[in-house]
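Here the structure is laid out as structure tokens; the discussion comes afterwards.
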Amino acid sequence: MNARDCNTLPRTVVALALCLVLIAGFAGCGGGGTPSAQTIVNDTFHSHRQIDSGELGLSFSLSASGLPSLSTPVSLRVKGPFQSVGSGKLPHFDLNVALATGGHTLKAGAVSVANNFFVRLEGTAFQMPQSTLNALQQGYAQSSEKANASAKHSSFASLGVNPGSWLEHPVKAAETTVGGEHTIHLIAGLNLTRFLADAARLSGAGGTLGLSSSKAGLLSTQQTLALARSLTSARVDLYTGAEDHLLRSLSVHAVLSTSSQARQELGGLRTATLDLHLQFAGLNQPQTITAPSKPHPISQLIALLRELGLIAAPTSSAGQTQQEQQPSPSSETPSSTASETTTTNSSGGSSKSPASQTYMSCIHSAGQSVSALQKCATLLEG
């Protein structure tokens with residue numbers, strides 16, 4: 001199992017966070033009476049009560065031994081509000097993401113508000129082109145239509161996943177308060193095979209919603225089975241509304257210890273500990289979401305990605321990298337129009353960065369085509 005394999009779960013958690021925000025308007029409640037633990041689980045993940053707003057909190061950590069690519073723990077935190085703006089319409093949301101690995105923390109984010117879409121990287125906001133927003137809106141509308149067409153499943157099913165199937169032999173523990181809400185606490189075992197299968201599906205779920213998606217680095221069938229056989233202990237804690245059966249909190253804790261045979265399949269992995277915690281608060285309470293002030297055009301994002309070492313900086317014919325030739329976003333005057341970004345050439349004139357110009361031409365030509373927009377992303381790697 002190489003470095004890309006090891007990073008599959010963190011990337012999947014990011015996809016899960018975004019998908020949960022985008023489908024939040026289709027989560028639901030179950031029936032009355034005194035339902036069994038399994039019925040409550042089914043109601044929590046397969047029902048249709050409308051959720052208009054709330055705040056998402058998600059944390060993920062993974063530590064392992066035996067893998068050079070995971071010599072230090074990886075942790076991820078996602079937090080932010082979301083607000084529905086109508087059926088089939090892309091919700092407003094403001095997500096902050098922090099990914100920590102190897103002693104470094106990368107801060108990013110995404111904002112959808114007032115018919116605009118922004119991304120943030122290390123505190124700098126960038127306005128995405130209208131074509132990207134149109135693709136997101138189109139993908140969300142299609143996903144919403146598919147979810148509404150199903151009478152027996154929640155919109156999780158439209159992404160090809162079923163979180164309720166991760167839980168094995170659930171039992172009621174007690175009733176308690178979570179975030180000021182009266183909830184039922186259920187404890188269950190973890191079906192790691194189903195969890196990993198859904199993780200693989202979610203890694204491609206972004207394409208369904210118009211988001212960039214790649215299947216690179218997915219675990220093979222043999223690796224998935226080897227991980228499942230290596231599970232030594234696991235526990236799932238689910239907190240759902242006592243009255244409405246709306247998901248309030250979900251925690252997963254799993255510990256793995258591999259055999260010598262499994263290590264051959266998993267690139268030397270000896271032990272691993274995974275913790276995942278998802279929480280919703282303030283459900284159906286109004287949320288305030290505002291656009292970032294003075295956003296930069298998306299063309300300047302390329303320079304920042306290279307400055308942070310996230311993509312390679314190609315070498316020009318003069319021996320200088322484009323990163324050296326192009327000022328970083330923090331040193332330029334912000335603009336909300338992507339096509340206005342320029343760099344100064346040796347003769348004193350100004351011209352668009354070749355990489356930026358090619359990328360911008362690509363996304364403008366792509367229009368609302370999700371697949372075409374995804375192909376444009378390869379140009380960012382120079």
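By convention here, the first residue in the shown sequence is residue 1. What's counted below: heavy atoms across the whole structure, side chains too, no hydrogens, waters or symmetry copies.
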Give the cluster check for [X] versus [Y]: same hydrophobic cluster or not, with ILVMFWY residues linked at side-chain heavy-atom distances below 4.5 Å.
X	Y	value
Leu90	Leu95	yes
Leu256	Leu274	yes
Leu192	Leu62	yes
Phe117	Ile289	no
Leu301	Val111	no

Pair Asn42, Gln38: side-chain N/O donor-acceptor within cut-off below 3.5 Å: yes
Contact list for residues 283-293, test side chain to side chain donor-acceptor pair (under 3.5 Å), sequence neighbours left out: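 Listed by first then second residue: nothing to list.
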Say you draw a straight line from [atom1] of [X] to [atom2] of [Y]; how long is it, rounded to the nearest 0.5 Å?
X	Y	atom1	atom2	result
Ile184	Leu238	CD1	CG	9.5 Å
Ser84	Lys89	OG	NZ	9.0 Å
Leu227	Gln222	CG	CD	12.0 Å
Gln138	Ser131	CD	OG	12.0 Å
Gln279	Ser59	CD	OG	9.5 Å
Leu186	Leu167	CG	CG	8.0 Å

Listed by chain and number, what are the side-chain contact (heavy atoms from CB on, under 4.5 Å) partners of [X], not counting sequence neighbours?
X	value
Ser71	none
Ala98	Thr105
Val255	Thr232, Ser233, His253, Thr273

Which pairs count as salt bridge (charged side-chain N to carboxylate O under 4.0 Å, His left out) when at least one residue sits in [range], sequence neighbours excluded?
range	value
residues 230-239	Arg235-Asp237
residues 220-233	none
residues 107-132	Asp94-Arg120

Heavy atoms from other residues, nucleotides or ligands near CZ of Arg263 exceed 12 (cutoff 6.0 Å):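 Counting other residues, nucleotides and ligands, CZ of Arg263 exceeds 12 neighbours.
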Side chains of Val74 and Leu99 in contact at under 4.5 Å (non-hydrogen atoms):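 Yes, close enough: below the 4.5 Å cut-off.
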Any side-chain heavy-atom pair of Leu250 and Trp166 under 4.5 Å: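 Side chain of Leu250 against side chain of Trp166, heavy atoms only: contact under 4.5 Å found.
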Verdict with reasoning, Leu106 to Leu121, per side-chain contact (heavy atoms from CB on, under 4.5 Å): CA-CA 8 Å; Leu106 178 68; Leu121 188 60; 3.8 Å; yes
Once side-chain hydrogen bond (donor to acceptor under 3.5 Å, both in side chains) is applied, do any residues pair with [X], and if so which ones, sequence neighbours excluded?
X	value
Ser257	none
Thr240	Thr44
Ser251	His277
Glu168	Asn191

Fellow cluster residues of Val178, listed by chain then number, with links counted only when side-chain atoms sit under 4.5 Å apart: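 Other cluster members: Tyr239.
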Full working for side-chain contact (heavy atoms from CB on, under 4.5 Å) between Phe195 and Val236: CA-CA 11 Å; Phe195 176 81; Val236 180; over 6 Å; no
Trace of the side-chain contact (heavy atoms from CB on, under 4.5 Å) decision for Ser230 with Leu269: CA-CA 10 Å; Ser230 303; Leu269 176 68; over 6 Å; no
CA sep, side-chain torsions, deciding dist, call: Asp275, Phe60, side-chain contact (heavy atoms from CB on, under 4.5 Å): CA-CA 6 Å; Asp275 284 284; Phe60 169 86; over 6 Å; no
